[in-house]
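Hydrogens, waters and symmetry mates are skipped; everything else that's a heavy atom, side chains included, is used. Start at 1 with the first residue, then count along the sequence.
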Amino acid sequence: MPQSAFLSEAIARGFVFQCTDLEALDARLNAGPIAAYIGFDCTAASLHVGSLVQIMLLRLLQRHGHKPVVLLGGGTSRIGDPSGKDEARQLLSDDQIAANMTGIRRVFDPYLRFGDGAGEAMVVNNADWLDTLGYIALLRDIGTHFTINRMLGFDAVRLRLEREQPLTFLEFNYMILQSYDFRELHRRHGVVLQCGGSDQWGNIVAGMELVRRTEGKPVFGLTSPLITTASGAKMGKTARGAIWLTAERLAPFDYWQFWRNVEDADVGRFLRLFTDLPLAEIARLESLRDAEINQAKIMLATEATALAHGRDAAEAAARAAGAVFGEGGRAEDLPGIEVSAAELTRGIAAFQLFAAAGLAASNAEARRLIRGGGARVNDKVITDEARPITMDDLGDGAIKLSAGRKQHRLVRVGL
């Protein structure tokens with residue numbers, strides 16, 4: 001069993017899948033604080049809960065006195081990581097990457113403490129060094145340390161070839177650039193540990209070996225398991241789309257509901273990974289059975305939401321859910337939209353209002369929801385997709401829309 005506080009807790013909470021040299025890393029951690037990094041490419045304007053294991057691992061590092069380094073892939077996002085993909089990612093423009101980077105950067109603020117101190121987090125952009133690379137210099141300095149034989153054996157490459165899916169030369173270079181990132185971060189900031197999901201193992205090992213060969217310094221790699229639910233579903237994806245970590249992309253109430261509705265078998269594991277609750281308290285919560293397990297789910301939802309959106313938003317979401325599900329009433333804390341009095345006087349087609357409120361991804365999906373009997377207005381089922389929602393539906397200053405049992409919005413009247 002590791003002696004260092006970080007590794008001991010990381011293993012106990014389920015963060016560790018593979019490590020290049022667990023014993024040596026443990027000794028290095030015991031010798032004093034280290035700097036460790038995880039890379040995030042800028043492929044969307046936010047991150048979703050599929051990235052949350054990595055964010056929470058950085059948070060755990062910082063809680064134990066180490067320096068987390070968030071590497072944003074302003075350079076590598078121009079290529080796209082082939083790991084776990086059957087086809088090439090759509091290439092993004094520089095403007096798209098810059099906009100995505102701005103959105104992703106905000107995701108980390110609730111989870112990490114940033115600053116210039118030894119134990120404070122920092123953000124770096126790999127475009128700072130990748131944009132200035134010369135091709136011939138890269139080939140001579142870095143290319144000699146990579147063999148095609150070895151690269152073909154890494155999962156990201158091998159699986160694409162086995163499935164007879166094309167792998168572009170552009171993507172084939174991703175491993176080299178990620179390895180270069182590790183060396184550059186080691187040189188600039190003294191980073192000695194790269195972490196990532198288990199699908200990044202090949203890239204991490206390649207980077208570690210590059211640092212060892214060119215710098216003569218011991219560095220380490222550590223991966224976390226890729227998280228699926230007890231039923232085998234991929235973490236972060238639902239029928240209605242990704243579970244985003246920013247309120248602009250997903251309301252705190254919906255985020256709270258996602259965690260509240262996890263499967264019973266996932267509660268203990270998710271409490272360990274996605275909250276800061278003490279392990280002894282988590283053991284108590286996951287021992288609950290039958291209806292009492294809902295207490296643990298509410299705790300998971302509230303603690304996870306508090307980390308992402310703040311304690312006030314988490315408690316407001318819990319109150320809203322309690323009113324909707326526990327008492328059958330309306331809660332002012334429910335997310336919603338505002339429409340003008342003039343629009344409601346004229347009437348808004350039900351399918352249009354459900355789509356506008358975010359209860360359906362499109363007008364067509366809203367039509368199907370209503371025709372299928374899954375839509376309610378003020379807790380009464382409607383089946384006419386064109387039914388006009390008007391001022392007559394207004395009660396207590398709002399109209400309650402529901403999709404299924406768990407998705408709710410309030411329509412409020414503005415000017």
Interatomic spacing from [atom1] in [X] to [atom2] in [Y] - rounded to 0.5 Å:
{"X": "L285", "Y": "I293", "atom1": "CG", "atom2": "CD1", "value": "8.0 Å"}
{"X": "L353", "Y": "I370", "atom1": "CG", "atom2": "CD1", "value": "9.0 Å"}
{"X": "N30", "Y": "S4", "atom1": "CG", "atom2": "OG", "value": "5.0 Å"}
{"X": "I337", "Y": "R409", "atom1": "CD1", "atom2": "CZ", "value": "9.5 Å"}
{"X": "E385", "Y": "Q352", "atom1": "CD", "atom2": "CD", "value": "10.5 Å"}
{"X": "E263", "Y": "F270", "atom1": "CD", "atom2": "CZ", "value": "8.0 Å"}

Taking the side chain as C-beta and beyond, is there a heavy-atom pair between [X] and [Y] under 4.5 Å?
{"X": "V411", "Y": "I389", "answer": "no"}
{"X": "E209", "Y": "H145", "answer": "no"}
{"X": "V413", "Y": "I399", "answer": "no"}
{"X": "V49", "Y": "Y255", "answer": "yes"}
{"X": "R183", "Y": "I142", "answer": "yes"}
{"X": "I11", "Y": "P2", "answer": "yes"}
{"X": "V192", "Y": "H186", "answer": "yes"}
{"X": "P218", "Y": "R212", "answer": "no"}

How close do [X] and [Y] get, counting heavy atoms only, and between which atoms?
{"X": "C42", "Y": "L72", "value": "SG-CB, 4.3 Å"}
{"X": "A127", "Y": "G74", "value": "CB-C, 3.8 Å"}
{"X": "Y180", "Y": "L210", "value": "N-CD2, 3.9 Å"}
{"X": "E343", "Y": "I348", "value": "O-CG1, 3.8 Å"}
{"X": "S224", "Y": "L57", "value": "OG-CD2, 3.8 Å"}
{"X": "P33", "Y": "H66", "value": "CA-ND1, 3.3 Å"}

Would the distance check show the side chain of [X] and the main-chain N or O of [Y] forming a donor-acceptor pair, the cut-off being under 3.5 Å?
{"X": "Q96", "Y": "L92", "value": "no"}
{"X": "R289", "Y": "E286", "value": "yes"}
{"X": "Q257", "Y": "D254", "value": "no"}
{"X": "H48", "Y": "G50", "value": "yes"}
{"X": "R260", "Y": "I298", "value": "no"}
{"X": "N378", "Y": "D393", "value": "yes"}
{"X": "D41", "Y": "T43", "value": "no"}
{"X": "K297", "Y": "V262", "value": "yes"}
{"X": "S46", "Y": "W244", "value": "no"}
{"X": "T302", "Y": "A314", "value": "no"}

- Message: With side-chain contact (heavy atoms from CB on, under 4.5 Å) as the criterion, how do L22 and F220 come out once you've worked through the C-alpha distance, each side chain's angles and the decisive distance to 0.1 Å?
- Response: CA-CA 9 Å; L22 191 67; F220 308 95; over 6 Å; no
With a 3.5 Å cut-off and no angle check, do the side chains of [X] and [Y] form a donor-acceptor pair?
{"X": "W259", "Y": "T305", "answer": "no"}
{"X": "S402", "Y": "Q407", "answer": "no"}
{"X": "T223", "Y": "S198", "answer": "no"}
{"X": "N203", "Y": "Q200", "answer": "yes"}
{"X": "H64", "Y": "E9", "answer": "yes"}
{"X": "S51", "Y": "Q54", "answer": "no"}
{"X": "N126", "Y": "T76", "answer": "yes"}

- Do R367's NZ or CZ and the ring of F351 fall within the cation-pi criteria of under 6.0 Å and 45°?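 R367 over F351 ring: yes.
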- Using the six-membered ring of F253, assess whether NZ or CZ of R319 lies under 6.0 Å from its centre and within 45 degrees of the ring axis.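 R319 over F253 ring: no.
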- Task: Check each of L58, I104, I38 against V70 using the side chain to side chain contact (heavy atoms under 4.5 Å, CB included) test, and report the only one that passes.
- Result: L58
- Task: With R272 as reference, evaluate L277, I282, V267 under the side chain to side chain contact (heavy atoms under 4.5 Å, CB included) test and give the passing residue.
- Result: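 Of all the options given, the one that passes is I282.
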- Task: Let me see the working for I176 and S179 under side-chain contact (heavy atoms from CB on, under 4.5 Å), right down to the final yes or no.
- Result: CA-CA 5 Å; I176 295 175; S179 300; 5.7 Å; no
- Message: One pair to check against side-chain contact (heavy atoms from CB on, under 4.5 Å): I34 and K67. What are the steps and the verdict?
- Response: CA-CA 6 Å; I34 67 166; K67 186 178 187 68; over 6 Å; no
- Query: Could you walk me through whether L222 and W201 pass the side-chain contact (heavy atoms from CB on, under 4.5 Å) check?
  - Reply: CA-CA 8 Å; L222 184 148; W201 179 250; over 6 Å; no
- Message: Between F114 and F108 (judged by ring centroids, cut-off 6.0 Å), do the two rings come close enough to count as a pair?
- Response: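 No, ring centres 6.0 Å or more apart.
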- Lys/Arg-Asp/Glu bridge criterion (N-O < 4.0 Å) met for R269, D266: yes
